[in-house]
Amino acid sequence: MSYAKSRLFLGMTTVGTIVLLSTGILSLGIHEQFNSYMLDNIAAQVGFLSLIFIIAFICLFPFDVLGGFVIPKRYSDLDGKFQQWLTPYIKGIAVQFMAYVMIGVVLINLVQYSALLATLGFVGLTAVILQIRNWVISKQLVTNMNQDARFKSAIENAKLWLQIPYEVHTVSRADKGFTGGIIGIGRSSKILIPEKWLSFDTDVLATIIARRAIAISSYSHTTSIVLAFICNATGFLLANLLTQSPIGSLGWLLEFLCWFNIWTFLSLLVLPTFSRMASASVDRDLVALNVPSATIVNSTEMMNALQDNERSRSTIIETIFHPIPSVNRRLARPPLFHIRAWQIARTSLFLSGAGLSLLTRAVHCNVGRPDLWLLLPSD
């Protein structure tokens, strides 16, 4: 089994475990056994939330070990020791644990009002989380003064194709699968490139920078953020409407978590198609700017080699599990629909953390890889 297939199988197993457990709790009515436990004070809320996520994170730990250490160790040139993976992993888990407990307290108190008002509050909470994520990443950027000559040349080459009024920075991460991405919105957006990619040819770097600049200038990136907000807010509202347990009880909390995780899973089946359409639209725009097709394909080859290294895959597998088109499908034929929502699948997945989704770090691209939890892989 190849590296890509191993990761895909692990992701399917991890996500499937969460969804099956959620479905089992709901169908067996296990949550109803906890309806008498009311979360009517902060101490109770923090206590039960901590217990829930300690159990959940312990259950996810074996999958994380496989995804973060065992599989990379077997298929790649990873030569580090287990402790070198474990230390940043524990730090990432600790941060997520504290964040989820705090978010959970906010959500529990939001639902004391009507479902609609709670949903509006959830949207505000999601915006705060996104802003905090962007602020944290901004503090880790390499300044322009420290950029090497090749990177500066790549930026200038990209500007020959289109205007780039956005800041372009490099970011250092140990995981070679880290792809950087875009943070911010509109003209305040920042394009992030991994330091490991500075070894790429200048024309490849220029194409990658231009691709992300197009995603911003065409409002594809902004659209994805807006739609991701709508998707998660819809899931939050439906999860609250579907719960039957007394609001504010431990039973309600468990039931809500199960419904929201199921919603996140369902969105993972639909949104990757829109992400691939957006990628295809950006590729067409690059061609329209007279960027050579060979350079476009070469840039995707270089990025793909540091991720799953899977040049082609079956239509069914790609449709369901991959929001980024395979190299062989790049420029092959235009999509049936032209929807610009760059990276919507993984943007929505990250933002589902505002609803305490466990799937945010359970998918095949980032399970066990804390470097990829804040910025999931993109094209």
Would you be so kind as to tabulate the donor-acceptor pairs closer than 3.5 Å made by side chains of residues 86-98, with sequence neighbours excluded?
unit_1, atom_1, unit_2, atom_2, d
T87, OG1, Q83, O, 3.0
Y89, OH, D64, OD2, 2.5
Q96, OE1, R361, NE, 2.6

If you compare all heavy atoms of [X] against all heavy atoms of [Y], which two are closest, and at what distance to 0.1 Å?
| X | Y | answer |
| --- | --- | --- |
| G104 | L49 | C-CD1, 3.5 Å |
| V287 | S293 | CG2-OG, 4.3 Å |
| L250 | L39 | N-CG, 4.0 Å |
| K190 | S138 | NZ-OG, 3.7 Å |
| S299 | I296 | OG-O, 2.6 Å |
| S275 | P323 | CB-O, 3.4 Å |

* **Contact list for residues 113-130, test side-chain hydrogen bond (donor to acceptor under 3.5 Å, both in side chains), sequence neighbours left out** =>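 For residues 113-130, and leaving out neighbouring residues, there are no side-chain hydrogen bond (donor to acceptor under 3.5 Å, both in side chains) pairs at all.
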* Got a sec, which pairs hit side-chain hydrogen bond (donor to acceptor under 3.5 Å, both in side chains) with one end in residues 28-47, sequence neighbours left out? ->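 For residues 28-47, and leaving out neighbouring residues, the side-chain hydrogen bond (donor to acceptor under 3.5 Å, both in side chains) pairs sorted by first residue read N35-S245, Q45-N109.
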Could you check whether any side-chain heavy atom of [X] comes within less than 4.5 Å of a side-chain heavy atom of [Y], counting everything from C-beta outward?
| X | Y | value |
| --- | --- | --- |
| T179 | L372 | no |
| V111 | N240 | yes |
| F34 | L253 | no |
| L227 | F274 | no |
| I216 | I191 | yes |
| L376 | C365 | yes |
| I103 | L125 | yes |
| R7 | R369 | yes |

* Asked: According to the salt bridge (charged side-chain N to carboxylate O under 4.0 Å, His left out) rule, which pairs have a member within residues 243-255, sequence neighbours left out?
  -> none
For residues [X] and [Y]: do they belong to one hydrophobic cluster (side chain heavy atoms under 4.5 Å, members Ile, Leu, Val, Met, Phe, Trp, Tyr)?
| X | Y | result |
| --- | --- | --- |
| V363 | F178 | yes |
| L306 | M302 | yes |
| L130 | W135 | yes |
| L51 | I108 | no |
| I54 | V46 | yes |

* For R211, what residues pass the salt bridge (charged side-chain N to carboxylate O under 4.0 Å, His left out) criterion, not counting sequence neighbours? ->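 R211 satisfies salt bridge (charged side-chain N to carboxylate O under 4.0 Å, His left out) with D283 only.
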* Return the set of residues passing salt bridge (charged side-chain N to carboxylate O under 4.0 Å, His left out) with R340 (not counting sequence neighbours), or none when no residue passes. =>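 Checked R340 against salt bridge (charged side-chain N to carboxylate O under 4.0 Å, His left out); matches are D285.
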When the side chains of residues 199-210 are checked against the rest of the protein, which donor-acceptor pairs come out under 3.5 Å, sequence neighbours left out?
unit_1, atom_1, unit_2, atom_2, d
S199, OG, K196, O, 3.2
T207, OG1, D203, O, 2.8

Under 3.5 Å: donor-acceptor pair, side chain of [X], backbone of [Y]:
| X | Y | result |
| --- | --- | --- |
| S220 | A341 | yes |
| Y75 | M1 | yes |
| R212 | V168 | no |
| N261 | L257 | yes |
| R173 | G180 | no |
| Q163 | K159 | no |
| R133 | L374 | yes |
| N366 | W373 | no |

* Sequence neighbours left out, what passes side chain to side chain donor-acceptor pair (under 3.5 Å) with S267? Give chain and number order. => none
[atom1] of [X] to [atom2] of [Y]: how many Å apart, nearest 0.5 Å?
| X | Y | atom1 | atom2 | value |
| --- | --- | --- | --- | --- |
| N134 | S189 | CG | OG | 9.0 Å |
| D371 | L375 | CG | CG | 10.5 Å |
| L254 | L26 | CG | CG | 9.5 Å |
| I183 | S188 | CD1 | OG | 9.5 Å |
| L237 | L242 | CG | CG | 9.0 Å |
| I182 | Y166 | CD1 | OH | 9.0 Å |

* Asked: So I317 and H322, side-chain contact (heavy atoms from CB on, under 4.5 Å) or not? Walk me through it.
  -> CA-CA 7 Å; I317 292 297; H322 291 274; 3.9 Å; yes
Taking atom [atom1] as the centre, does [X] end up with more than 12 heavy-atom neighbours from other residues, nucleotides or ligands that are less than 6.0 angstrom away?
| X | atom1 | answer |
| --- | --- | --- |
| F61 | CZ | yes |
| Y3 | OH | yes |
| I316 | CD1 | no |

* Can you list the steps and then say if V123 with F236 is a side-chain contact (heavy atoms from CB on, under 4.5 Å)? -> CA-CA 9 Å; V123 171; F236 179 84; over 6 Å; no
Please name all residues satisfying side chain to side chain contact (heavy atoms under 4.5 Å, CB included) with [X], sequence neighbours left out, ordered by chain then number.
| X | answer |
| --- | --- |
| L10 | T14, F63, L66, I71, V367 |
| M12 | L8, F321 |
| L110 | V106, L107, A118 |

* Asked: Any side-chain donor-acceptor pair under 3.5 Å between R150 and S153?
  -> no
* Asked: Is the closest side-chain donor-acceptor distance between S279 and R276 under 3.5 Å?
  ->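 S279 vs R276: no donor-acceptor pair found between side chains.
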* Quick one: sort the F260 and F256 rings into parallel, tilted or perpendicular, breaks at 30° and 60°. => parallel
* Strictly under 6.0 Å, is that where the ring centroids of F82 and W85 end up? -> yes
For residues 346-359, which side-chain N or O atoms pair as donor and acceptor with protein atoms under 3.5 Å away, sequence neighbours left out?
unit_1, atom_1, unit_2, atom_2, d
R346, NH1, P377, O, 2.9
T347, OG1, Q343, O, 2.7
S348, OG, N232, ND2, 3.4
S352, OG, L349, O, 2.5
S357, OG, L359, N, 3.1

